[in-house]
Structures are given as structure tokens and as C-alpha cells.
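Remember, it's a predicted structure, so these values are computed and weren't measured experimentally.
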Amino acid sequence: MDIDFSLVLVVLVAICGFIWLLDALLFAGARKQANKTEEPVVVEYAKSFFPVLLIVLMLRSFLVEPFQIPSGSMIPTLEVGDFILVNKYHYGLRLPVVGTKIVANNEPKRGEVMVFIPPHDESYFIKRVIGLPGDTIDYENKILRVNGDVVDIDIVDEVAIETAGGMRPGVLFNETLGDVPHQAQIIAQDGRNRGRTSWVVPPGHYFMMGDNRDNSADSRVWGPVPEENIVGKAFAIWMHKEPGLNLPTFSRNQRIH
């Protein structure tokens with residue numbers, strides 16, 4: 001079962017702060033008058049942990065949070081088991097747990113790798129931004145079009161792609177979305193389309209796709225992601241099997257998909 005670590009931190013900070021404040025208002029004065037310098041153990045622990053927990057909460061909520069990749073939907077950019085850092089400030093400051101934006105900053109750009117909560121699930125997902133509000137996205141027979149323009153690819157190599165039915169022959173290729181060059185891969189002989197082949201991105205939403213195009217449940221399946229579900233921008237990875245393909249090489253304990 002996934003644990004909402006942000007909620008745990010908020011609760012612990014609130015408990016420690018309440019104990020510290022309650023003692024300062026009601027009991028510290030009485031101890032001083034009685035010449036008792038020793039604090040109760042619970043107060044001592046609360047005063048010790050409060051600033052540490054508060055700093056951790058602020059860092060994770062407003063600056064940077066680590067995550068681990070459990071699935072292969074972003075291969076070759078992100079491998080299973082990679083740890084990534086997510087910039088929580090890049091798309092604006094949001095309150096922990098509730099996610100309400102309190103300070104606006106950058107808007108997501110096409111090609112960026114973003115962590116978000118999809119419309120159908122409470123888990124954190126990571127995919128690439130393909131479509132911006134108002135865009136028309138077409139994906140049919142392995143060809144991606146944005147607003148009618150084909151996204152050109154440059155084939156790099158033939159690769160073996162792991163699927164539920166075993167290894168399948170695939171193609172590794174370069175493409176550029178916006179100003180972001182990266183690599184992606186497709187299963188060479190899989191001609192299936194996932195139902196719809198065309199989408200218009202509603203206002204305030206973003207169309208997301210995984211770089212492992214034939215092994216990614218994304219906006220082609222569950223639709224565009226609302227802006228209020230954005231968590232942050234992935235900006236660094238470490239413990240990667242190979243050098244990052246579009247992110248510099250370098251936990252939220254909860255994993256993302």
C-alpha cells in the first residue's frame with residue numbers, strides 16, 4: 001500500500017508544533033516557578049523533531065522531491081529502478097497534500113518530462129508532455145502529429161523491447177518536441193492503434209505520452225491531464241544504467257508509473 005509521505009509529514013509537524021506550543025503556554029511557566037529545568041520527554045522530543053520535520057516538509061513540498069521509477073513506460077529515457085529528482089517549484093508552488101497552487105511560475109512546455117496525478121488514479125505518473133492546451137494530437141500507425149505537423153524522427157538502431165508476451169523487435173529513434181531532443185522507441189511490427197487516433201487538448205489540460213510508445217498507458221488511454229494535477233518537472237536522474245538521454249545524470253518513497 002502506498003503511503004502519502006507528504007500527509008505523514010504534515011501530521012507529524014502539526015503534532016510536534018502543537019505539543020511545543022501547548023507546553024510553552026501552559027506548563028513551561030509553572031516548571032520555571034517550581035525551579036524545574038527538566039522538560040517532559042514528549043516535549044523534548046517534539047522540540048527536537050519539529051524544526052527538522054518542518055525543513056524536510058518545506059523542501060519536499062516546494063523545492064525538490066525524489067522518486068523511483070517502477071515501470072518501463074519511459075524507456076529509453078528512464079529505466080526501471082532509476083531515481084529521479086523533481087523540481088516542485090518549476091510549475092508553481094502548491095500546498096502539500098491538497099495541491100492548491102499558491103504561486104504561479106512556468107507553464108509546461110512540449111517535450112518536458114513531468115510528474116503528475118492522472119485523471120483516473122491517485123498514484124504519481126511520469127510521462128512526456130506532447131500536447132498543450134488547444135493542441136490537436138494525432139497518433140496513428142506510429143506517426144505522431146501535433147497540430148497537423150508530423151514530428152520527424154531519426155532512426156538510431158534496432159532494439160529488443162520487453163513486453164508482457166516476451167521480447168519483441170523494435171526501433172530506437174530520435175525526435176524533438178518543442179526544444180527538447182530525446183529518444184523514444186516503438187515495437188516494429190505492432191500496427192495496433194489504441195482506439196482513438198486523434199485528440200483535441202482542452203483548456204487547462206496537457207496530453208502526456210511515454211517514450212516507450214507501445215508499452216505506456218498514457219493520455220491515449222485515460223485522456224489529458226488537468227493542470228491542477230501537476231506535481232513537478234523531472235530535471236535529474238541517478239543510478240541510471242546508461243547516461244541520461246535528455247536529462248542530466250546524477251526518494252519520494254512512493255513510486256511513480
Side-chain angles (χ1 to χ4, degrees), residues 69-82 84 108-116 118-121 125-202 205-225 233-234 237 240-247 256-257:
I69 306 298
S71 72
S73 69
M74 283 296 290
I75 293 173
T77 304
L78 297 170
E79 300 283 349
V80 177
D82 282 352
I84 66 169
K109 294 181 175 60
R110 190 177 293 111
E112 293 179 340
V113 177
M114 188 167 74
V115 174
F116 57 92
H120 73 296
D121 198 329
F125 276 52
I126 183 168
K127 309 289 180 186
R128 192 176 298 278
V129 180
I130 304 295
L132 307 178
D135 282 351
T136 298
I137 305 299
D138 296 282
Y139 189 75
E140 187 173 9
N141 298 326
K142 317 290 187 181
I143 299 174
L144 174 63
R145 292 180 174 86
V146 179
N147 296 325
D149 296 327
V150 174
V151 178
D152 293 328
I153 67 172
D154 179 22
I155 295 177
V156 175
D157 200 0
E158 295 181 355
V159 294
I161 298 178
E162 184 177 0
T163 70
M167 303 302 292
R168 300 279 300 279
V171 175
L172 177 71
F173 60 90
N174 294 324
E175 71 176 7
T176 299
L177 291 167
D179 297 325
V180 182
H182 58 275
Q183 291 189 333
Q185 64 183 31
I186 55 175
I187 298 174
Q189 301 302 320
D190 186 352
R192 297 172 300 167
N193 293 311
R194 300 184 175 211
R196 292 177 58 184
T197 58
S198 182
W199 303 262
V200 176
V201 186
H205 288 68
Y206 296 89
F207 195 90
M208 313 299 297
M209 288 175 62
D211 290 345
N212 195 358
R213 295 282 163 81
D214 293 315
N215 281 317
S216 173
D218 47 40
S219 289
R220 293 171 290 174
V221 178
W222 31 253
V225 175
K233 177 185 176 182
I237 59 178
H240 192 26
K241 295 179 182 178
E242 299 176 358
L245 297 172
N246 75 313
L247 301 173
I256 53 182
H257 304 281

Which atom pair, heavy atoms only, marks the closest approach of [X] to [Y]?
| X | Y | value |
| --- | --- | --- |
| Asp218 | Met209 | OD2-CA, 3.4 Å |
| Val171 | Ala188 | CG2-CB, 4.1 Å |
| Pro202 | Pro224 | CD-CG, 3.7 Å |
| Val180 | Glu112 | CG2-N, 4.3 Å |
| Ile126 | Ala234 | CD1-CB, 4.0 Å |
| Ile130 | Met208 | CG1-C, 4.3 Å |

Are the charged groups of [X] and [Y] less than 4.0 angstrom apart, N to O?
| X | Y | result |
| --- | --- | --- |
| Asp179 | Lys109 | no |
| Asp135 | Arg110 | yes |
| Glu175 | Arg213 | yes |

Just say parallel, tilted or perpendicular for the rings of Trp222 and His120, cut-offs at 30° and 60°.
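The rings of Trp222 and His120 lie parallel, inter-plane angle below 30°.
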
Flag side-chain contact, heavy atom, 4.5 Å: [X] against [Y]:
| X | Y | answer |
| --- | --- | --- |
| Gln185 | Ile161 | yes |
| Leu177 | Leu144 | yes |
| Ile137 | Ser198 | no |
| Val201 | Tyr206 | no |
| Asn174 | Pro181 | no |
| Met114 | Lys233 | no |

His182 and Phe173: ring pair (Phe, Tyr, Trp, His ring centres under 6.0 Å), yes or no, with the steps?
CA-CA 9 Å; His182 58 275; Phe173 60 90; 8.2 Å; no

Evaluate Ile237 against Glu79 for side-chain contact (heavy atoms from CB on, under 4.5 Å), listing each step before the verdict.
CA-CA 10 Å; Ile237 59 178; Glu79 300 283 349; over 6 Å; no

Backbone N/O of Ala217 and side chain of Arg220: donor-acceptor pair under 3.5 Å
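No, the answer is negative, given that no donor and acceptor are paired below the 3.5 Å cut-off.
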
Keeping Ser216 on the side-chain end and Gly210 on the backbone end, is there a donor-acceptor pair under 3.5 Å?
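Yes, the answer is positive, given that a donor and an acceptor are paired below the 3.5 Å cut-off.
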
Pair Val113, Lys127 - check side-chain contact (heavy atoms from CB on, under 4.5 Å), show working.
CA-CA 6 Å; Val113 177; Lys127 309 289 180 186; over 6 Å; no

If you round to the nearest 0.5 Å, how far is CD1 of Ile186 from CG of Asn215?
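Those atoms lie 12.0 Å apart.
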
OG1/Thr77 to CD1/Ile84 distance, rounded to the nearest 0.5 angstrom?
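That separation rounds to 11.5 Å.
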
Take Val80 and Ile69, measure what side-chain contact (heavy atoms from CB on, under 4.5 Å) needs, and give me the verdict at the end.
CA-CA 5 Å; Val80 177; Ile69 306 298; 5.6 Å; no

Might you work through the side-chain contact (heavy atoms from CB on, under 4.5 Å) test for Asp211 and Ile75, ending with a clear yes or no?
CA-CA 6 Å; Asp211 290 345; Ile75 293 173; over 6 Å; no

Check: Ser73/Asn212 side-chain N/O donor and acceptor closer than 3.5 Å:
no

